[in-house]
Number of protein chains: 2
Amino acid sequence: MNKAEILIIDDEPQIRKLLTINLENHDYKVVQATNGKEGIALAAAHPPDLIILDLGLPDINGQEVLKELRSWFTSPIIILSVLDGEDDIVIALDHGAADYLTKPFRSGELLARIRSAIRRNQNSDQHTELIFKELKLDLVARQVWLRNEVLKLTSTEYNLLLLFAKNEGKVLTHRFLLREIWGASYVHETQYLRVFVAALRKKIEANPNKPEYIITESGVGYRFL
Amino acid sequence: MNKAEILIIDDEPQIRKLLTINLENHDYKVVQATNGKEGIALAAAHPPDLIILDLGLPDINGQEVLKELRSWFTSPIIILSVLDGEDDIVIALDHGAADYLTKPFRSGELLARIRSAIRRNQNSDQHTELIFKELKLDLVARQVWLRNEVLKLTSTEYNLLLLFAKNEGKVLTHRFLLREIWGASYVHETQYLRVFVAALRKKIEANPNKPEYIITESGVGYRFL
DNA sequence: TAATTTTTATAAAAATTAATAAAAACCCCC
DNA sequence: GGGGGTTTTTATTAATTTTTATAAAAATTA
């Protein structure tokens, strides 16, 4: 097995150094970023197996970095923070953080929590892809594959498909879809949806008039399978 | 969706009470055990969606209970303990605990960690089917097969058939069916039902005027199979 | 049992909602 | 400022749901 790769996003050099030495001693490969922007870029360029994220970053609020990462990065993110407020912890966990440790932390415990997070993630190995039958969404590259071909989707088409894919099985109302993709003032432009759903179906469905992915819920909205 | 079920294994009555009230307020179903043996037995009898395990139990060492549970129980186990020693934490996590909190703990944080653990655990969607004689409902694909052909059902037709199939054998009143499919304000639109039952029968029954699947219960409702 | 009332089945219409093509407007990016 | 691609608008057709009408079946009553 290859070394698991861990990305550290933290602006304090001494913390980065401590973590790096510790992790490398335990046979992890370490990549470092000193601010949020760099961290997101590095994660996108080459998704690591786990991210350690400090909430107190110089450029972007750590919770925002977490949200941004969580929109496509599916491996665990462990939060390190000096903040011990319950709200900070709850918000981070609800935004999809795998764990939350307050500084100062104990190395052994952090390592155990890293092992735990990586172990648990192995079962639900989603990586940065969502797969549905013949369809594969690469969240990092924003590319969609159907069988062996890359589909050419416009930005709106991709956003809509991603929204469907993230809510597999649920009925999504016209209102919800329009608000999410176009914004609150477009909630009555149902026709936009019809046009883009038709465009998507043309590209992803074997037979667009018997759709298998995007199902119409007449009078309500759509459902993705 | 059904309530998630949580098993609390803790010998302190006041902790159990506090947890139970808190969890039930957040719409979890709670089951309690006061020692390790009882906890293992309850988990085996009816596996919950998550276990909260206190390490300081009167009969068996909590770490042993964890090991025993982990040999077959696959949903998350969160450890609660007065012990704050790094070794205890590392051992528990390496034995497969999803998380470790020390008492006294903060309720909001515990709830967030429970949500996080449950969220990460739910990944495996099975392809469930319901089969009735010649009829097969594929719940994931929302497709209905009669012998070897896919039936073309409208969304409402499918929803109605699914509702029947999920309540095989029971008499379903008009009121109930209308409320489930159309909503509470439609409970008197009995005629809708008649139209859609007729449409379904036309598609699934060999002989629609001698129905074998959807049986009329005059004055009351219908019964499936 | 016959007559009456209630309930059910079905077809078909009207109304609503959805799908699709194609034209017009918009937006970048060079 | 032109051109390729994308989004928005418009128009038309198709599908689904709701409403109406009517005949048949079942239940009730005397």
Side-chain angles (χ1 to χ4, degrees), chain A residues 142 144 150-164 171-183 185-224, chain B residues 142 144 150-164 171-183 185-224:
Chain A
R142 285 177 68 88
V144 179
V150 183
L151 290 183
K152 197 160 182 306
L153 298 186
T154 71
S155 162
T156 308
E157 286 167 359
Y158 177 85
N159 292 339
L160 184 58
L161 182 58
L162 178 63
L163 187 56
F164 276 129
V171 176
L172 306 180
T173 63
H174 298 139
R175 223 187 155 69
F176 171 81
L177 291 164
L178 287 161
R179 165 170 286 125
E180 289 293 314
I181 303 290
W182 282 272
S185 56
Y186 289 75
V187 292
H188 296 114
E189 303 288 352
T190 319
Q191 187 53 23
Y192 288 17
L193 265 182
R194 301 210 175 100
V195 171
F196 279 87
V197 166
L200 274 177
R201 290 216 263 231
K202 210 167 176 180
K203 290 179 183 178
I204 68 175
E205 301 282 4
N207 185 349
N209 32 335
K210 270 208 292 173
E212 287 175 44
Y213 290 104
I214 304 176
I215 309 298
T216 304
E217 294 286 336
S218 193
V220 185
Y222 297 90
R223 176 205 305 270
F224 185 79
Chain B
R142 283 177 70 87
V144 179
V150 182
L151 290 184
K152 197 162 183 302
L153 299 186
T154 70
S155 175
T156 307
E157 287 166 359
Y158 177 86
N159 292 340
L160 184 58
L161 182 58
L162 178 62
L163 188 55
F164 277 128
V171 177
L172 305 180
T173 62
H174 297 140
R175 220 187 157 71
F176 171 80
L177 291 164
L178 286 161
R179 164 171 285 125
E180 289 293 314
I181 302 291
W182 283 271
S185 56
Y186 290 75
V187 292
H188 296 113
E189 304 288 351
T190 319
Q191 187 54 21
Y192 288 16
L193 264 182
R194 303 212 172 99
V195 171
F196 278 88
V197 165
L200 274 177
R201 281 180 177 156
K202 209 167 174 180
K203 290 180 182 178
I204 68 175
E205 301 283 4
N207 185 350
N209 32 337
K210 272 207 293 171
E212 288 174 42
Y213 290 104
I214 304 176
I215 310 298
T216 304
E217 296 285 338
S218 194
V220 186
Y222 297 91
R223 178 206 306 269
F224 186 74

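Keep in mind that what you see is a predicted model, and the values were worked out from it rather than measured. Heavy-atom basis, side chains included; hydrogens, waters and symmetry copies ignored. A, B, ... follow the sequence lines: proteins, then strands. Residue 1 opens every chain.
- End-to-end axis angle for the helix from C:dT1-D:dA30 to C:dC30-D:dG1, using five pairs per end and rounding to 10°, comes out at 30°.
- Atom NZ in B:K152 sits about 13 Å away from atom P in D:dA14, given to the nearest Å.
- Residues from residues 154-161 of chain B that place a heavy atom under 4.0 Å from any atom of DNA chain D, listed by number: B:T154, B:T156.
- Side-chain N/O atoms of A:R142 and A:N159 include a donor and acceptor closer than 3.5 Å.
- For A:Y186, the OH atom counts as loosely surrounded, since its 6.0 Å shell holds 12 or fewer non-hydrogen atoms of other residues, nucleotides or ligands.
- Within the structure, every side-chain polar atom (N or O) of B:Y192 is placed at least 4.0 Å from both OP1 and OP2 of D:dT17.
- No donor-acceptor pair closer than 3.5 Å links the side chain of B:E217 to the backbone N or O of B:R223.
- Between A:F164 and A:Y222, the ring planes lie perpendicular to each other; the angle is over 60°, past the 30° to 60° tilted range.
- Listed for the B:R201 side chain is a donor-acceptor partner under 3.5 Å among the backbone atoms of B:I214.
- Between A:K203 atom NZ and A:L151 atom CG the span is 8.0 Å, to the nearest 0.5 Å.
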Reading 5' to 3' through nucleotides 18-24 of chain C, protein heavy-atom contacts under 4.0 Å coded B for base, S for sugar-phosphate only, - for none: BBBS---
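- More than 12 heavy atoms of other shown residues, nucleotides or ligands fall within 6.0 angstrom of atom CD in A:E180.
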Test side chain to side chain contact (heavy atoms under 4.5 Å, CB included) applied to B:V144 and B:V150, step by step: CA-CA 6 Å; B:V144 179; B:V150 182; over 6 Å; no
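- Put simply, CG on B:L200 is 11 Å from P on D:dT17, counting in whole angstrom units.
- One can place NZ of A:K210 at 19 Å from P of D:dA14, the figure rounded to the nearest angstrom.
- Atom CD1 in B:I215 sits about 13 Å away from atom P in D:dA26, given to the nearest Å.
- Among B:V197, B:I204, B:L162, B:L200, the one residue that satisfies the side chain to side chain contact (heavy atoms under 4.5 Å, CB included) test with B:E157 is B:L200.
- Atom CG of B:L193 and atom C1' of D:dT17 are 13 Å apart (whole Å).
- Taking only side-chain nitrogens and oxygens, A:W182 never comes nearer than 4.0 Å to OP1 or OP2 of D:dT7.
- Taken to the nearest 0.5 Å, the CD atom of B:E189 stands 11.5 Å off from the CZ atom of B:R194.
- Distance NE2 (A:H188) to P (D:dT9): 15 Å, rounded to an integer number of Å.
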Let's go through A:L161 and A:Y213 carefully: what are the C-alpha distance in whole Å and the side-chain angles of both, what is the deciding distance for side chain to side chain contact (heavy atoms under 4.5 Å, CB included) to 0.1 Å, and is it a yes or a no? CA-CA 10 Å; A:L161 182 58; A:Y213 290 104; over 6 Å; no
